[in-house]
Enquirer: 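Dropping a structure here in structure tokens format, bear with me for questions.
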Amino acid sequence: MSELKTDLRPVSANDLDQIAVLDEQVSGDSRRGFFEKRLKMQAKEPNAFISLAAISGNRLAGFLFAHLQDGEFGRNEPVAVLDAIGVAPDQQGKSVGRQLIAELDRIMEQRGVDELYSQANWNQPGLVEFFSSVGFELAPRLVLERPAERVDF
């Protein structure tokens, strides 16, 4: 695996188009609306969010979005939640994702946060493998969901 050295910086509104395109290439879905909302929320509450852009040359090689929560997951201390991470298909396997996670760790440490949570769909084995390679482990809880409809008992 060859390492691609990237410049890391906070995501700006000017990155939105490149992030939306890259994310759709990687995930197969358009989540532009999510990223637009996240950038607006980040502008209002910068200390509650962490976003990073990995730049190689003059193009986006990868990105990361996380937010901070207090008192979540049964803890009293703040935790970080990794909401989205993406690396351009032609840059995967070149340590871009690892560089993004390492910088996230550094920022979390500065902010007094020592736990990072995320989730991945079971049918994303590449993402699950990446998460495992950067130290994520299965959490001791189940994530449950159901449609928001009335349930008759």
Side-chain angles (χ1 to χ4, degrees), residues 6-55 60-89 91-92 94-151:
T6 60
D7 294 318
L8 300 176
R9 61 163 173 75
V11 169
S12 76
N14 294 333
D15 297 320
L16 179 60
D17 290 337
Q18 289 186 77
I19 287 171
V21 168
L22 190 158
D23 184 66
E24 189 167 358
Q25 288 174 340
V26 174
S27 73
D29 293 316
S30 175
R31 299 188 299 173
R32 183 183 183 91
F34 165 77
F35 296 114
E36 287 174 341
K37 288 177 190 174
R38 177 50 54 89
L39 289 169
K40 286 178 185 174
M41 291 167 48
Q42 181 176 298
K44 290 180 183 176
E45 294 184 66
N47 291 330
F49 298 93
I50 301 168
S51 66
L52 297 168
I55 307 298
L60 184 74
F63 66 87
L64 173 152
F65 284 85
H67 70 278
L68 306 181
Q69 294 182 328
D70 262 337
E72 296 292 327
F73 303 100
R75 297 175 48 115
N76 294 325
E77 302 84 19
V79 299
V81 179
L82 177 60
D83 296 312
I85 186 168
V87 175
Q91 304 302 314
Q92 292 178 7
K94 298 180 181 178
S95 297
V96 175
R98 289 181 177 282
Q99 292 172 50
L100 287 163
I101 293 292
E103 181 65 6
L104 175 60
D105 285 342
R106 188 188 69 74
I107 294 168
M108 287 171 45
E109 184 176 2
Q110 285 179 337
R111 295 189 187 183
V113 177
D114 63 3
E115 289 282 338
L116 177 61
Y117 295 89
S118 194
Q119 62 185 19
N121 291 332
W122 67 271
N123 62 349
Q124 294 178 299
L127 182 59
V128 172
E129 184 177 323
F130 169 74
F131 279 161
S132 176
S133 77
V134 295
F136 281 88
E137 298 175 352
L138 286 176
R141 71 184 79 58
L142 294 174
V143 175
L144 305 172
E145 65 182 14
R146 73 171 185 80
E149 56 190 38
R150 183 168 177 233
V151 178

Enquirer: Minimum heavy-atom separation for Gly86 to Leu22, with atom names?
Expert: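 The answer is C-CD2, 3.8 Å.
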Enquirer: Which atom pair, heavy atoms only, marks the closest approach of Gly112 to Pro78?
Expert: O-CG, 4.0 Å
Enquirer: Report the C-alpha distance between Val26 and Gln92 in whole Å, list the side-chain angles of each, state the deciding distance to 0.1 Å, and finish with yes or no for side chain to side chain contact (heavy atoms under 4.5 Å, CB included).
Expert: CA-CA 10 Å; Val26 174; Gln92 292 178 7; 4.0 Å; yes
Enquirer: Decide yes or no for Leu116 and Val79: does some side-chain heavy atom of the first lie under 4.5 Å from some side-chain heavy atom of the second?
Expert: no
Enquirer: Using a strict 4.0 Å threshold on nitrogen-to-oxygen distance, state whether Arg32 and Asp17 make a salt bridge.
Expert: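 The answer is yes: the pair qualifies as a salt bridge.
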Enquirer: If you apply the rule side chain to side chain contact (heavy atoms under 4.5 Å, CB included), what do you find for Leu64 with Leu82, and how did you get there?
Expert: CA-CA 8 Å; Leu64 173 152; Leu82 177 60; 3.5 Å; yes
Enquirer: Is there a side-chain contact between Asp83 and His67, using heavy atoms and a 4.5 Å cut-off?
Expert: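 Yes - at least one pair of side-chain heavy atoms lies under 4.5 Å apart.
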Enquirer: Hey, what do you get for CD (Glu24) to CD1 (Ile19), rounding to the nearest 0.5 Å?
Expert: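 Separation between the atoms: 14.0 Å.
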Enquirer: So, does Asp15 use its side chain to make a donor-acceptor pair with the main chain of Ser12 at under 3.5 Å?
Expert: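 Judged by distance alone, yes, a pair lies under 3.5 Å.
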Enquirer: If you take all heavy atoms of Ala61 and Gln91, which pair is closest and at what distance?
Expert: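 It is CB-CG, 4.0 Å.
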Enquirer: For a 4.5 angstrom cut-off between non-hydrogen side-chain atoms, does Phe131 reach Ser118?
Expert: yes
Enquirer: Give, for atom CZ of Arg98 and atom CZ of Phe130, the distance between the pair rounded to the nearest 0.5 Å.
Expert: 6.5 Å
Enquirer: Taking atom CD as the centre, does Gln119 end up with more than 12 heavy-atom neighbours from other residues, nucleotides or ligands that are less than 6.0 angstrom away?
Expert: no
Enquirer: Closer than 3.5 angstrom, by distance alone: can the side chain of Ser132 be matched with the main-chain N or O of Glu129 as a donor-acceptor pair?
Expert: no
Enquirer: Where does the angle between the aromatic ring planes of Phe35 and Phe65 fall among parallel (under 30°), tilted (30 to 60°) and perpendicular (over 60°)?
Expert: tilted
Enquirer: Report yes or no: does Arg111 contribute a side-chain atom to a donor-acceptor pair with the main-chain N or O of Asn47 at less than 3.5 Å?
Expert: yes
Enquirer: Where do Phe34 and Ala84 come nearest, in terms of heavy atoms and distance?
Expert: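 Nearest pair, atom of Phe34 first, then Ala84: CE2-CB, 4.3 Å.
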Enquirer: For a 4.5 angstrom cut-off between non-hydrogen side-chain atoms, does Met108 reach Asp114?
Expert: no
Enquirer: How many angstroms lie between CE in Met41 and OG in Ser51, if you round to the nearest 0.5 Å?
Expert: 12.0 Å
Enquirer: Checking the side chain of Glu103 only, and the main-chain atoms of Leu100 only, is there a donor and an acceptor separated by less than 3.5 Å?
Expert: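 Flag not set: sc Glu103 to bb Leu100 has no pair under 3.5 Å.
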Enquirer: For Val96, does its backbone N or O pair with a side-chain atom of Thr6 as donor and acceptor, under 3.5 Å?
Expert: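 Side chain of Thr6 to backbone of Val96: no pair is present.
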Enquirer: Which heavy atom in Lys94 sits nearest to a heavy atom in Gln99, and how many Å separate them?
Expert: O-NE2, 4.1 Å
Enquirer: Identify the heavy atoms of Leu60 and Ala53 that sit nearest to each other, and give their distance.
Expert: CD1-CB, 3.8 Å
Enquirer: Examine distances only and state if a side-chain atom of Gln42 and a backbone atom of Phe49 form a donor-acceptor pair shorter than 3.5 Å.
Expert: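 No; zero donor-acceptor contacts below 3.5 Å.
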Enquirer: How far does CD1 of Ile101 sit from CG of Leu52, to the nearest 0.5 angstrom?
Expert: 9.0 Å
Enquirer: Using a strict threshold of under 4.0 Å (side-chain N to carboxylate O), is an ion pair present between Glu36 and Lys40?
Expert: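 Looking at Lys40 and Glu36, the cut-off is not met.
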Enquirer: Under 4.5 Å between any side-chain heavy atoms of Gln124 and Asn121, yes or no?
Expert: yes
Enquirer: Would you compute the distance between atom CD of Glu109 and atom CG of Leu104 and round it to the nearest 0.5 angstrom?
Expert: 12.0 Å
Enquirer: I want to check something: taking the side chain as every heavy atom from C-beta on, are Ile85 and Leu127 in contact at a cut-off of under 4.5 Å?
Expert: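 They are in side-chain contact.
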